[in-house]
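The next block holds one structure in the form of structure tokens; read it before the comments.
Below, all heavy atoms of this structure are taken into account, side chains as well, without hydrogens, waters or symmetry copies. None of the values given here were measured: they were computed from a predicted structure.
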Protein chains: 2
Amino acid sequence: MAKQVVPEPARRRRRPTQQGTVLSERLIVHTALRVLREHGSTGLTARRLGTALGADPSTLYRYFAGMDDLTRAIGEELMGRALDSWSAAGEWRADLRALGLAIHSSYLAHPQAAALTASRVTGRPREIAVDETILGILRTAGFPDVAAVRLYHAFIDLSLAFAALDAGALALAEEARTTDEEMWTSTYARLPAESYPHIAATARLLAARMPHSAYPVVLDTLLDNAAAQLVATRSAATTGDRSARPEAPPAGDS
Amino acid sequence: MAKQVVPEPARRRRRPTQQGTVLSERLIVHTALRVLREHGSTGLTARRLGTALGADPSTLYRYFAGMDDLTRAIGEELMGRALDSWSAAGEWRADLRALGLAIHSSYLAHPQAAALTASRVTGRPREIAVDETILGILRTAGFPDVAAVRLYHAFIDLSLAFAALDAGALALAEEARTTDEEMWTSTYARLPAESYPHIAATARLLAARMPHSAYPVVLDTLLDNAAAQLVATRSAATTGDRSARPEAPPAGDS
DNA sequence: TCCTTATGCCAACACAGTTGACCCTACCTG
DNA sequence: CAGGTAGGGTCAACTGTGTTGGCATAAGGA
């Protein structure tokens, strides 16, 4: 039965599949990424992945508690790759910017996988490591804890949110075998100018801009703001001023 | 057969269902929202929706081309509600801020539906109307077209991205029948302090902050930045200065 | 060498989206 | 007011999904 998944480090025996491949968590995740790229973000199924691995679909349940668990592992892999491709230079602003772009481009390197996973928090080790890294950068830079936490929150949510959104658009375009720009051109071009004067007036600019990500612009805006805050904090520390930005309201629900 | 869906305005006859209900696009979308709230973001199925409507599942295909089409209609409904709950006051910054928050809270009012739809562009009328509105606000405020388009892009993507992310977290918490704060507390509290010193040092602050949305903070940051740009543009216009911010790089892929 | 058990495979389950055929009734036309 | 048309509701069936219980087997420790 597949109720209990054996944790990866405790695995000892590796019996090869009927078709000869020797399975592992790593191999499964990597193959899943390939299947996702080839068949789209909804094309990852237990049976298809089994075939791609040369194994019975049910074998997957020896490694993951279910497809949902596998999905989280894929997200964790992308986050890990981002972290691996990044290294600290010692300057907080540049480091944060590089880390954000690393996360963003790691996800966009696998748009179908990203569309599937980026809006989920996995709580797995490499993801936690990223959180720790960001907080470390901010606190070391001199941000007081409250500000560091607020910035960390904005930073990570912003990065993940844009990764999900941009990946979704990119995956859609790839699956439609067209460029993003063509898509946006046709979207805006067919609108009647009398009903949508502003869109009509800027249609060409829109088609040129939409296929690019707004993430760098927004990220820089956030970092500019943070830098200004830091300066204010430093000068306030010498005069004893303790004013802070007003808190944001909680996310509403009804 | 269900190959061709009859467009809504062209519908004439409304035969009641065996159980007596008279279907319509509106009724189906509204019922879908209820089903989503009750059964979670993955709980919307053709059969379940059929039962909730008192109709055969296959009847849905008389109104929508498929579950995917229905999903887009749900997203369109949420966007429409945001637009309806908003009204222009005439001041661009306040208007944009209100519109952003309206979109965000309209989606968060139905977290399960939002998690399902917010990362998709529908291209339907009400969504286009929102685009036109945003561009109108910016251009009327005096932003040159290039800046208006860049801001529009950042604004709408930011809002949708956060709607998707926050809705996902909220839906997860609701389905786990727990508060977000409990979730985050348990997530951070069980980490060893020696491996994650920065998280450990700020655990209580994190648990208090994470259940709130970072969207208002980031949105305000973006609008601050835009306001500063506008002032610079105006003074530049009098001196003939035409310097602009450097362009953002395109979204990478590999 | 033998024993244990991790791990692969098979068959089967419930449930998903979707379609084709059928039929009935609401409405338009005369 | 009668008749014809077709919109739209229903039924049954198809394929494909995630998932599980039972079984077989070979890897590795003793």
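Rounded to whole Å, the distance from CG on L70(A) to P on dG18(D) is 10 Å. For the pair R62(A) CZ and dA26(D) P, the computed distance is 16 Å after rounding to whole Å. Spacing between atom CG of L27(A) and atom C1' of dG8(C) amounts to 15 Å, rounded to whole angstrom units. Across the protein-nucleic acid pair, E25(B) atom CD and dG8(D) atom C1' stand 14 Å apart, rounded to whole Å. Atom-to-atom, CG of L53(A) to P of dT7(C) comes out at 15 Å; the value is rounded to the nearest Å. Counting to the nearest Å, the P atom of dG18(D) and the CG atom of L49(A) are 10 Å from each other. One can place CD of Q19(A) at 13 Å from P of dG8(C), the figure rounded to the nearest angstrom. If you measure from atom CZ of F64(A) to atom P of dT19(D), you get 13 Å, rounded to the nearest angstrom.
Sorted by first and then second residue, the pairs that involve residues 174-194 of chain A and meet ring-ring contact (aromatic ring centres under 6.0 Å, His included), not counting sequence neighbours, are W184(A)-Y188(A). Applying the side chain to side chain donor-acceptor pair (under 3.5 Å) test to pairs two or more places apart or on separate chains, those with a residue in residues 189-200 of chain A are H198(A)-R139(B). Under the salt bridge (charged side-chain N to carboxylate O under 4.0 Å, His left out) criterion, no residue pair touches residues 45-61 of chain A, with sequence neighbours excluded.
The distance from the CZ atom of F155(B) to the CD1 atom of I103(B) is 5.0 Å, given to the nearest 0.5 Å.
Using a 4.5 Å heavy-atom cutoff, the side chains of V35(B) and T45(B) are not in contact. In this structure, the side chains of D166(B) and D157(A) come closer than 4.5 Å at one or more pairs of heavy atoms.
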Check residues 69-81 of chain A and write down every donor-acceptor pair under 3.5 Å in which the side-chain atom is one partner and the other belongs to a residue at least two apart or another chain.
{"residue": "D69(A)", "atom": "OD1", "partner": "R72(A)", "partner atom": "NH2", "Å": "3.4"}
{"residue": "D69(A)", "atom": "OD2", "partner": "A65(A)", "partner atom": "N", "Å": "3.1"}
{"residue": "T71(A)", "atom": "OG1", "partner": "M67(A)", "partner atom": "O", "Å": "2.9"}
{"residue": "R72(A)", "atom": "NH1", "partner": "D68(A)", "partner atom": "OD2", "Å": "2.7"}
{"residue": "E76(A)", "atom": "OE1", "partner": "E127(A)", "partner atom": "N", "Å": "3.3"}
{"residue": "E76(A)", "atom": "OE2", "partner": "R126(A)", "partner atom": "N", "Å": "2.6"}
{"residue": "E77(A)", "atom": "OE2", "partner": "R81(A)", "partner atom": "NE", "Å": "2.8"}
{"residue": "E77(A)", "atom": "OE2", "partner": "R81(A)", "partner atom": "NH2", "Å": "3.3"}
{"residue": "R81(A)", "atom": "NH1", "partner": "H110(A)", "partner atom": "NE2", "Å": "3.3"}

Measure all distances between protein nitrogen or oxygen atoms and nitrogen or oxygen atoms of nucleotides 11-18 of chain C, and list the pairs falling under 3.5 Å.
{"residue": "dA16(C)", "atom": "OP1", "partner": "T45(B)", "partner atom": "OG1", "Å": "3.4"}
{"residue": "dA16(C)", "atom": "N7", "partner": "R47(B)", "partner atom": "NH2", "Å": "3.0"}
{"residue": "dG17(C)", "atom": "OP1", "partner": "A46(B)", "partner atom": "N", "Å": "3.3"}
{"residue": "dG17(C)", "atom": "OP2", "partner": "A46(B)", "partner atom": "N", "Å": "2.6"}
{"residue": "dG17(C)", "atom": "N7", "partner": "R47(B)", "partner atom": "NH2", "Å": "2.5"}
{"residue": "dG17(C)", "atom": "O6", "partner": "R47(B)", "partner atom": "NH2", "Å": "2.5"}
{"residue": "dT18(C)", "atom": "OP2", "partner": "Y61(B)", "partner atom": "OH", "Å": "2.7"}
{"residue": "dT18(C)", "atom": "OP2", "partner": "M67(B)", "partner atom": "N", "Å": "2.9"}
{"residue": "dT18(C)", "atom": "O5'", "partner": "Y61(B)", "partner atom": "OH", "Å": "3.2"}

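The shortest distance between the side-chain N/O atoms of Y63(A) and the OP1/OP2 oxygens of dT7(C) is not below 4.0 Å.
In this structure, a donor-acceptor pair under 3.5 Å is absent between the side chains of E38(A) and Q112(A).
Screening T59(A), L33(A), L53(A) against I28(A) for a side-chain contact (heavy atoms from CB on, under 4.5 Å) leaves a single residue, L53(A).
End-to-end axis angle for the helix from dT1(C)-dA30(D) to dG30(C)-dC1(D), using five pairs per end and rounding to 10°, comes out at 20°.
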